[in-house]
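One structure is given here, and the rest of the page talks about it.
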Amino acid sequence: MGNAVHRYARVVLDLPGVGREFDYIIPSALQGRVQKGVLVVVPFSDRRAYGIVIETCTQSEYAQRMIESVLDDRPVVTPSQIELARILSENTLSPLGAILFSMLPPGLSQQADVLYTWLGSDEIGEVGETERALMRLLVRRGPLRGRQIDAALPHRDWRTAARRLIRRGLLRAEPVLPPSSVRPKVVRTAQLACSPEEAQAQLPHLGRPGSVALIRRQAMLRFLIQEPWPLDVTWLYAVSGGNRADLDYLAEMGLIRLSETEVWRDPLEGIAAVDEPTAPLNLTSDQQRALEVILECLHLSEEATKKPILLFGVTGSGKTEIYLQSVAEALVQGKQALVLVPEIALTPQLVRRFLARFPGQVGLIHSRLSAGERYDTWRRARDGRLGVVIGPRSALFTPMERLGLIILDEAHEPSYYQSETPPYYHAVQAAMEYARLTSSVLVLGSATPDIVQYYRAQKEGWPVLRLPERVQTVLAPKGQESPNVTVKPAPLPQVKIVDMRQELKAGNRSIFSRALLENLEQVIQAGQQAILYLNRLGASTYVFCRECGYVLKCPRCEIPLTYHLDPAELICHRCNYRRLVPNTCPQCGGREFRHYGLGTERVEQELGRTFPGIRILRLDSSTSRVKGAVDLILTHFAHHQADVLIGTQMLAKGLDLPLVTLVGIVLADVGLTLPDFRAAERAFQLLTQVAGRAGRGPWGGRVILQTFQPEHYAIRYAAHHDYEGFLHHELELRRTIGYPPFARLVRLEFRHKDRRTVEQESERMAEHIRRWISESDQPRCEVIGPAPCFYTRLEGRYRWQIVLRGEDPTLLLRPHLSELKDWRVEVDPPSLL
DNA sequence: AGCACGCCGACT
DNA sequence: GTCGGCGTGCTC
């Protein structure tokens, strides 16, 4: 039974919109090569298509046509990945094919090529000139790939000629996935492999006394004793006058270790080299406890069900060190690890520390890689030559046979959700499923955990590891024996709330409060730096009373109305209620009911006027449009070539800027009024993160938070660094209004260039859905909308949405997916904007 | 995705 | 009378 021949293969195709599975016959020539997970070429309809084999079987009712070829004998997805794709397809209502092919590195099918082999003799009789040229080429050079022939016979229509020769049986063509020629950018590095004392003791014995070689080797070793991390070997050659042979000699003696480190460029290159310890750091008792729990889970048997671990550590509490030591243990156990970060360009420190701690074992995936480089990293991981892969959400799909640990840093970040192109999925949910399938340990790290995740953690009894204190890393004087680094607690920055209504009453109409001005003055005097943070998201639609802070709400839905131009009116994005902007405040009768036009330019101007001669940098979408500009701006600021950095969301995270002792939040209320059930949570997270930018260095720091709603709970709790307080308040609110985690949502969105079409289609679909609900016996499900989306127009198209809310709205939609093919369907969307 | 089949409006 | 619009269905 068990060794019955598998003559059929179930294949999923790379044709979006053809998400179904198809059965094919495995030709006897490909027996043994067609296995689960391989990439194949199959005939489909009147064309050919790439497909992934998800199963091989002994029986099939449908199979008629044959698999044409196998592109690569190694599977492109592992069995666990196929299972994961199945689950995600179910959960996200996306076709299986869309999920499976999104797991492959971009451009993999572009990497695919056709190998041409000459079969005939050179006596081919009457043929065209191109045919003859092709034949001569292949006879001379042997089998060639299409791309090589392109290069050899430019501007010739050799493909037509090839087709004719294939028909005559003179030429063979087979699709292949060639080995990538692109290498990741690596440098050879050398590092001390023994204690500095041992190295010191060996100094006199590195060659014949008095020889030049001895002097060179001594110079190399002395340098490595002083710099105890992996160094580019070209450096060593330069400082010692030595060469490769000398290095090999030292390596042979076991004094140094040679390896390769991937080159990684980042905006703070060379500035904060001190925070690159290669040896494990000493841990505080909180850190030690947290690490122990993770290690315990890593030691559990494969079969044991492992719950996700929530690592709840404030900004600067040393989560990275825990990740590093957890990964080290996984590697010792012979397992591989995946480390996901929200945006790799913003986490250079984390990346550098991984590269330094695990030289030669880390693969990076980031947006600056070319398709070829990404493909290469993917292959190295698949071949088991990488122990750790660091990357954004898509890195979760790097094939790893021995996966044992998955880490998601800043797991609350919205960038873990793929909302741009289908399939729409959440990397946190995907990672939870994947960890379960592979018996891996999953660590979700965050300073401000996602409320829904935290609620689940409590309800399902996940380990929650708390790191409530910031730590400061201090490098001990050189030459001291290990540990070379100590850690000590540091305070969180003090946050002062400034009530902008009082400023107005006191006659201050400036965008800066008196408190903020005083503090800016002090900081600049002291030669330190400040960040002014401006939330742009929702700023243009935020209309309120400057005297009392009142915001108009929808009389039906109780959610804040947002202001839109053309026509100028206030809109409820939940139910499409509309009204004009009142002239006076409905609450206090104040005359200043309007919005607070505020951009980074205006802040820059006003700041420049107040402090002549001050050096200002601006980081927003207009200054960062040019490629590399963000790096440049941050580098300038980090080098203290400016006193104040004015910026939007993009400066909220990641960077460690020790000279920054003041953070001013120009208007904290913006964002609170967004028509989204997560608006308060997002605002809280953002405020907490921005506040965390202050006082990362030895001089401490403070935060000035300006607001027209000082009593708002998100602002109050953020100012007190009180996550738990916020959590309880927010959960109670969600419970009463029935939003996640107390209900599930599905968002349906329709886009079209014509406004009327969108409106009509939305109404029509809402009508259909109401009928489905009345005809279904599924649990209650509520239709919210249709209404225009918050971003009413995107890429020249109008957007409307319908939100379904209930215990599981997907049950209702499942039978009707084909009717929704022109709609975006998002299950459990993290935002409704 | 592509492509065929199929049923209603304006054109040589 | 035909050419062509895109709605619906199919591809192992």
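Lettering follows sequence order; numbering is per chain, from 1. Quick caveat: nothing in here was measured; it's all calculated off a predicted structure.
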In terms of the angle between their ring planes, are A:F397 and A:Y425 parallel, tilted or perpendicular, with boundaries placed at 30° and 60°?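 A:F397 and A:Y425: tilted rings.
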Let me know which of A:V41, A:V38, A:V76 forms a side-chain contact (heavy atoms from CB on, under 4.5 Å) with A:L71.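 So the option named by the test is A:V41.
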Any pair with a residue in residues 757-779 of chain A that passes ring-ring contact (aromatic ring centres under 6.0 Å, His included), sequence neighbours left out, goes on the list, sorted by first then second residue, please.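 Passing the test, one end in residues 757-779 of chain A: A:W772-A:H816.
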Results of side chain to side chain contact (heavy atoms under 4.5 Å, CB included) for A:E782 - residues two or more places apart only: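 With sequence neighbours excluded, A:E782 shows a side chain to side chain contact (heavy atoms under 4.5 Å, CB included) to A:R574, A:I784, A:R805, given in chain and number order.
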Generate the contact string for nucleotides 6-12 of chain C. Rules: B means base contact, S means sugar-phosphate contact only, - means no protein heavy atom under 4.0 Å. -----BB
Rounded to the nearest 0.5 Å, what separates atom CD in A:Q429 from atom OH in A:Y417?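 If I round to the nearest 0.5 Å, the distance is 9.0 Å.
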